[in-house]
2 protein chains.
Amino acid sequence: MAEPRRPRAATELKRARLLDATEEVMLEEGYAAVTSRSVAARAGINAPLVHYYFPTIDDLFVAVLRRRGEQGVRRMEQALASPEPLRAWWEAASDPRGTALLVELMAAANHREALRAEVGEFARQVRAMQMERLSTLLEEYGLDVREFPPALIAAAVHGLAFGIVQDAAAGYDTATDEAADGMARLVARLEERRRSRAT
Amino acid sequence: MAEPRRPRAATELKRARLLDATEEVMLEEGYAAVTSRSVAARAGINAPLVHYYFPTIDDLFVAVLRRRGEQGVRRMEQALASPEPLRAWWEAASDPRGTALLVELMAAANHREALRAEVGEFARQVRAMQMERLSTLLEEYGLDVREFPPALIAAAVHGLAFGIVQDAAAGYDTATDEAADGMARLVARLEERRRSRAT
DNA sequence: GTCTATATTGAGATAGAC
DNA sequence: GTCTATCTCAATATAGAC
């Protein structure tokens, strides 16, 4: 009785290598440089074989996005559940590689429907987790919910981290060190306050 | 005595039309879709003529960036000098079209040296203006400079506006309305406080 | 300044042998 | 699953007539 074919180990490995290669091309040359040829060369396989694993280039982008997105969700879950949630959140949001990929995926998603939908799913999921957590957390940090609604705080943390990391990576030198220092101290003060408020 | 050739009126007009067309293509299809053909078609001229005005596609990008960047600098200058500087700044930073173009230019600039340098110039210039203004403004708003360094405030306003506008434009629905409302109220409270503090 | 024609390069994708 | 060979299309850019 013939069993349904299972992909061989080598197959999954090659798929992963293709995703890695795609991320590298995106980071080094931008999403527009992702072609079956460029990705294949970097993964050490033949160009037409890319289409065997990912029929279209869009499929490849979506696969990259899913893998990253799921990582991001897991990481944010852990951060929000950690002993110092705000600090962990800030660190997770400040990941340079994730931010650089986000720039590319964001730009690409603005003009590719399949990607746009997928980015939206992850963005909503992460934001919902953050706001849910903030609903009890804000008080612990001694912040007034009416003055600082969860949606505002979440957007601020995200936007601040994104801007600082992107400017730093590009070398725009817009006082990113000062801003990062200022945020680190603000986070430290808030964590301190929460600690001293806990029974 | 032969005078140095001056471009005819029609020439400058066509240049401007090409820049407009380029912005449109970037907004609708992304920076990667900017080609001599796509831009020429939208501007109603022949493709090879694009190369007469802008020898390379990079030159075209740089010209678009300069025009937008100079607009942005002027607008920020006016905002910071207005009667309600923080509100005007927030409104300028929340411009949807400017933000959408910034996404494209940022992504493109990460992999094109000529663009990267140019974006950096404008980013530094704007950030310096903001920080200079904040050095006296923060006190007027009743904010402690040590708690909220100018670089942090500037990065926060920028990042917040960018994130909210981008998510809203893409339709990611990450509670952007709530965040925007929260920020509007925060700005209103601060402007109110500044007014009541003024002699 | 504006056009037609074209050189050159590389893209996505598929056919079909192995 | 993996390869070679190839189709088709479109890109940047230039040459050269007008």
Side-chain angles (χ1 to χ4, degrees), chain A residues 2-22 24-26 28-65 104 107-108 111-115, chain B residues 2-22 24-26 28-65 104 107-108 111-115:
Chain A
E3 296 215 77
R5 285 207 169 274
R6 269 204 314 150
R8 293 188 305 190
T11 296
E12 267 313 296
L13 196 91
K14 232 164 245 176
R15 248 188 76 98
R17 279 232 310 272
L18 278 172
L19 297 185
D20 293 342
T22 304
E24 280 170 37
V25 174
M26 291 178 79
E28 290 171 27
E29 304 170 60
Y31 76 87
V34 172
T35 69
S36 44
R37 285 165 171 80
S38 67
V39 167
R42 212 174 277 253
I45 67 171
N46 254 32
L49 197 52
V50 173
H51 290 290
Y52 170 77
Y53 287 96
F54 303 96
T56 74
I57 299 294
D58 261 31
D59 295 329
L60 185 54
F61 278 127
V62 169
V64 166
L65 174 54
E104 297 299 328
H111 314 286
R112 293 168 180 248
E113 185 49 34
L115 265 183
Chain B
E3 296 215 79
R5 284 206 171 276
R6 269 204 316 151
R8 292 189 305 193
T11 297
E12 267 313 296
L13 197 92
K14 233 164 245 176
R15 248 188 75 97
R17 279 231 310 272
L18 278 173
L19 296 186
D20 293 342
T22 304
E24 281 170 35
V25 174
M26 290 177 79
E28 290 171 27
E29 304 170 60
Y31 78 86
V34 172
T35 71
S36 43
R37 283 167 168 78
S38 65
V39 167
R42 211 173 278 253
I45 67 172
N46 254 33
L49 197 52
V50 174
H51 291 289
Y52 170 78
Y53 287 96
F54 303 96
T56 72
I57 298 293
D58 262 31
D59 295 329
L60 185 55
F61 278 127
V62 169
V64 166
L65 173 55
E104 297 299 329
H111 314 285
R112 293 168 179 249
E113 185 48 34
L115 264 183

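Because only heavy atoms are used, hydrogens play no part in the values below, and waters and symmetry mates are left out as well, while side chains stay in. Keep in mind the model is a prediction, meaning the values are calculated, not measured.
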Protein-proximity profile, nucleotides 13-18 of chain C, B/S/- by nucleotide at the 4.0 Å heavy-atom cutoff, equals BB----

What's the closest nucleotide to the [X] side chain, out of [options]?
X: A:Lys14; options: D:dT2, C:dA11, C:dT2; answer: D:dT2
X: B:Thr11; options: D:dT4, C:dC3, C:dG1; answer: C:dG1
X: B:Asn46; options: C:dG1, C:dC3, D:dT2; answer: C:dC3
X: B:Tyr53; options: C:dT2, D:dT2, D:dA11; answer: C:dT2

- Just grab all the salt bridge (charged side-chain N to carboxylate O under 4.0 Å, His left out) pairs involving residues 40-53 of chain A, residues at least two apart or on different chains.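 Qualifying pairs, neighbours excluded: A:Glu24-A:Arg42, A:Glu28-A:Arg42, A:Glu29-A:Arg42.
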
- Would you call B:Leu60 and B:Leu19 a side-chain contact if the rule is heavy atoms closer than 4.5 Å? yes

Quick one, A:Leu115 and A:Leu65 - any side-chain contact, counting heavy atoms below 4.5 Å?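 Contact flag for A:Leu115/A:Leu65 side chains = yes.
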
Item to complete: Whole angstrom is fine here: how far is it from CG in A:Leu49 over to C1' in D:dG1?
Response: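 Distance check: A:Leu49 CG to D:dG1 C1' gives 7 Å.
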
Between A:His111 and B:Glu104, does a side-chain contact (heavy atoms from CB on, under 4.5 Å) hold up when you go through it step by step? CA-CA 11 Å; A:His111 314 286; B:Glu104 297 299 329; 2.6 Å; yes

query = What residues in residues 15-22 of chain B put a non-hydrogen atom under 4.0 Å from any atom of DNA chain D?
reply =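 Within residues 15-22 of chain B, no residue comes under 4.0 Å of DNA chain D.
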
At 4.0 Å (heavy atoms only), tell me whether B:Val50 reaches a base, stays on the sugar-phosphate, or touches nothing.
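The answer is nothing, as B:Val50 stays clear of every strand by at least 4.0 Å.
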
Applying side-chain hydrogen bond (donor to acceptor under 3.5 Å, both in side chains) to A:Asp58 and not counting sequence neighbours gives A:Arg112

(message) According to side-chain hydrogen bond (donor to acceptor under 3.5 Å, both in side chains), who are the partners of B:Asp59, at least two apart in sequence or on a separate chain?
(response)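 side-chain hydrogen bond (donor to acceptor under 3.5 Å, both in side chains) list for B:Asp59, sorted by chain: B:Thr56.
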
- Query: Which ring-ring contact (aromatic ring centres under 6.0 Å, His included) pairs, counting each pair once, include a residue from residues 31-60 of chain A, with sequence neighbours left out?
  - Reply: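 Checked against ring-ring contact (aromatic ring centres under 6.0 Å, His included) - neighbours excluded - the pairs reaching residues 31-60 of chain A are A:Tyr31-B:Tyr31.
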
Review point. Taking all atoms of both residues into account, what is the closest heavy-atom pair of B:Leu18 and B:Ala43, and its distance?
Key: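 Closest pair (atom of B:Leu18, atom of B:Ala43, distance): CD2-CB, 3.9 Å.
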
